[in-house]
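Since the structure comes first, as structure tokens, the remarks are kept for the end.
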Amino acid sequence: MAASPDTVVITCALNGVLTDPAQHPVPYTPAQMAAEARAAYNAGASVVHLHLRDQTSGRLPSWEVDLAREVVDAIKAAAPELILNLTTGVVGDEINGPRACLEAIEPEMAAMNAGSLNYLKVRSNGQWAWPPMLFDNPVSKISAFLEVMNTHAIVPECECFDTGILRSLAMFEAHGILKPPYTVSLVQGVASGMPARLDLLPILLDEMPKERPWQSIVIGREEVWPIHRRTAELGGNLRTGVEDTFYLPGGGKVDGNGPLIEAMAQIAREVGREPATPAQAREILGIQKR
């Protein structure tokens, strides 16, 4: 079935990075990730965005190619139709780890962090929640990732943490380092990035390159859900998962990704849109048949 304007791609942000799996329902073993991916697919997701984590503590990022292959094989066995979107987020200019994983597993999509951000948060007592960190994504690093993605027919998912990063996409296109197909993610709710505000969405859309698939990534608790609903109303695609929130629209805490995707699919249907199948999602996102 072909996609229609009333069809919406739902992405499950499967696990994220650093959140302690001993305290939160975050999958990190291949078996856990496969089971959660299947639950997300059953609930209406057509894409899963995933992070690789070390298998000792489950806390730290991993770029082990063998682990990447094991995770991908497990997910494909559990839900073979799903579109896989691999993170590439790494601090510093050493990208051999994520590049090797992209080359080895050739996911259909990969995150492409489209600019740098001072990643900050202050506690109520005025102390930093973590040591101030520069999430550095200079043009040289972006170009290197895009070269790998272009070579392996991987669709970039351009993650934009502020309006300047969003506006840079048009310049990347004009220069020629970024070429369609690609998707745009509006990352909202990070303390030192764009706020999660309903009145900001139309401004962001006005600044975004036209005719490009886009979605909102909203970090927070139950207050994120009005942004998702407005995104659906404005024609955007949708993303949720335990990387972004642990809370349902009513405030209840989840024990996995499935209930979050179920809630997102319900919102989509309430505004007159139907969750895309993976085949429809490939058409919407410009993923070429391999």
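For the single chain, residues carry numbers from 1 onward in sequence order.
For the pair Leu120/Trp130, no side-chain contact is recorded, criterion being any heavy-atom separation below 4.5 Å from C-beta on. A heavy-atom distance below 4.5 Å is found between the side chains of Val47 and Val9. Proximity of Thr231 to Leu201: side-chain heavy atoms (C-beta onward) are separated by under 4.5 Å at one or more points. Side-chain contact between Phe145 and Pro98 is present, with heavy atoms from C-beta onward closer than 4.5 Å. Side-chain contact between Cys12 and His49 is absent, with no heavy atoms from C-beta onward closer than 4.5 Å. Looking at Lys141 and Val90, their side chains come closer than 4.5 Å, going by heavy atoms from C-beta outward. Proximity of Glu243 to His51: side-chain heavy atoms (C-beta onward) are separated by under 4.5 Å at one or more points. Looking at heavy atoms from C-beta onward, Tyr41 lies out of side-chain contact with Thr277 at the 4.5 angstrom threshold.
Salt-bridge check for Lys289 with Glu283: failed, with every basic side-chain N at 4.0 Å or more from each acidic carboxylate O. One finds no salt bridge joining Arg273 and Glu233 here, because no Lys/Arg side-chain nitrogen approaches an Asp/Glu carboxylate oxygen to under 4.0 Å. Salt-bridge formation is detected for the pair Arg69/Asp66: a Lys NZ or Arg NE/NH1/NH2 atom is positioned less than 4.0 Å from an Asp or Glu carboxylate oxygen.
Residues Ser46 and Ala281 share a closest heavy-atom pair of OG-CB, 3.4 Å. Smallest separation of non-hydrogen atoms from Lys210 and Leu205: NZ-O, 3.0 Å. The shortest heavy-atom contact between Gly89 and Trp63 is O-CZ2, 3.4 Å. Contact record, Gly256 with Pro259: O-CD, 3.5 Å, taken as the closest heavy-atom pair. Taking every heavy atom of both residues into account, Ala37 and Ile75 meet most closely at CB-CG2, 3.9 Å. Here the closest heavy-atom approach between residue Leu234 and residue Trp214 is recorded as O-CZ2, 3.9 Å.
Judged by distance alone, the side chain of Gln55 and the main-chain N or O of Arg53 form a donor-acceptor pair under 3.5 Å. For Asp54 (side chain) and Ser57 (main-chain N/O), a donor-acceptor pair under 3.5 Å exists by modelled atom type. Gln188 contributes a side-chain N or O that, together with a main-chain N or O of Leu186, makes up a donor-acceptor pair within less than 3.5 Å. Listed for the Arg282 side chain is no donor-acceptor partner under 3.5 Å among the backbone atoms of Ile287. The backbone N or O of Leu14 lies less than 3.5 Å from a partner atom in the side chain of Asn257, making a donor-acceptor pair. The main-chain N or O of Thr29 is found under 3.5 Å from a side-chain atom of Gln32 such that the two form a donor-acceptor pair. A donor-acceptor distance shorter than 3.5 angstrom exists from the side chain of Thr88 to the backbone of Ala111, with no hydrogens or angles considered. Checking side-chain atoms of Asn137 against main-chain N and O of Gly115 turns up a donor-acceptor pair under 3.5 Å. Put simply, the side chain of Asn237 never gets that close to the backbone of Val8: no donor and acceptor are under 3.5 Å apart. Asp136 places no side-chain N or O within donor-acceptor distance of the main-chain N or O of Val91, the cut-off being under 3.5 Å.
For residues 118-127, no residue pair satisfies the side-chain hydrogen bond (donor to acceptor under 3.5 Å, both in side chains) rule, not counting sequence neighbours.
A donor-acceptor contact under 3.5 angstrom links the side chains of Gln266 and Glu270, judged on distance only. Neither side chain, Thr7 nor Glu274, offers a donor N or O lying under 3.5 Å from an acceptor on the other. There is no side-chain donor-acceptor pair under 3.5 Å between Thr163 and Glu207. A donor-acceptor contact closer than 3.5 angstrom is absent between the side chains of Glu223 and Tyr247.
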Residues Val242, Leu260; criterion side-chain contact (heavy atoms from CB on, under 4.5 Å); working and verdict: CA-CA 8 Å; Val242 297; Leu260 292 170; 4.1 Å; yes
Apply side-chain contact (heavy atoms from CB on, under 4.5 Å) to the pair Leu67 and Tyr28, showing each step before the final yes or no. CA-CA 11 Å; Leu67 175 61; Tyr28 69 93; over 6 Å; no
Could you walk me through whether Leu52 and Val71 pass the side-chain contact (heavy atoms from CB on, under 4.5 Å) check? CA-CA 8 Å; Leu52 305 170; Val71 166; 4.0 Å; yes
Go through Leu146 and Met112 one step at a time and tell me if the side-chain contact (heavy atoms from CB on, under 4.5 Å) criterion holds. CA-CA 8 Å; Leu146 287 174; Met112 198 283 291; 3.9 Å; yes
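The hydrophobic cluster containing Leu84 also contains Leu86, counting ILVMFWY residues as joined when their side-chain heavy atoms lie under 4.5 angstrom apart, directly or transitively. Ile219 and Ile227 end up in different hydrophobic clusters when Ile, Leu, Val, Met, Phe, Trp and Tyr side chains are linked at under 4.5 Å. Hydrophobic clustering of Ile, Leu, Val, Met, Phe, Trp and Tyr side chains at less than 4.5 Å, counting indirect connections, unites Leu248 with Met264. Hydrophobic clustering (side-chain heavy atoms under 4.5 Å, transitive across Ile, Leu, Val, Met, Phe, Trp, Tyr) keeps Val17 apart from Leu50. Under a hydrophobic clustering in which Ile, Leu, Val, Met, Phe, Trp and Tyr are joined whenever their side-chain heavy atoms come within less than 4.5 Å, directly or via other members, Ile142 and Met208 fall into the same cluster.
Between Ser192 atom OG and Asp162 atom CG the span is 9.0 Å, to the nearest 0.5 Å. For the atom pair CD1 (Ile165) and SG (Cys160), the distance works out to 6.5 Å, reported to the nearest 0.5 Å. The SG atom of Cys158 sits 5.0 Å away from the CG atom of Leu169 when rounded to the nearest 0.5 Å. Here Tyr182 contributes atom OH and Phe172 contributes atom CZ; the two are 10.0 Å apart, rounded to the nearest 0.5 Å. For the atom pair CD (Glu222) and OG1 (Thr245), the distance works out to 7.5 Å, reported to the nearest 0.5 Å. The line from CD1 of Ile217 to CZ of Phe161 is 7.0 Å long, rounded to the nearest 0.5 Å.
The environment of CG in Asp93 is sparse: at most 12 heavy-atom neighbours from other residues, nucleotides or ligands sit within 6.0 Å. Heavy-atom neighbours of Arg167 CZ from other residues, nucleotides or ligands within 6.0 Å: at or below the threshold of 12.
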Can you give me every donor-acceptor pair (side chain of residues 99-106, partner residue at least two apart or in another chain, under 3.5 Å) with its distance?
| residue | atom | partner | partner atom | Å |
| --- | --- | --- | --- | --- |
| Arg99 | NH2 | Asn96 | OD1 | 2.7 |
| Glu106 | OE2 | His152 | ND1 | 2.7 |

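Of the residues Arg239, Glu159, Glu157, the one that meets the side chain to side chain donor-acceptor pair (under 3.5 Å) test with Ser185 is Glu157. With Met149 as the partner, the side-chain contact (heavy atoms from CB on, under 4.5 Å) test is satisfied by one option alone out of Leu178, Ile154, Val155: Ile154.
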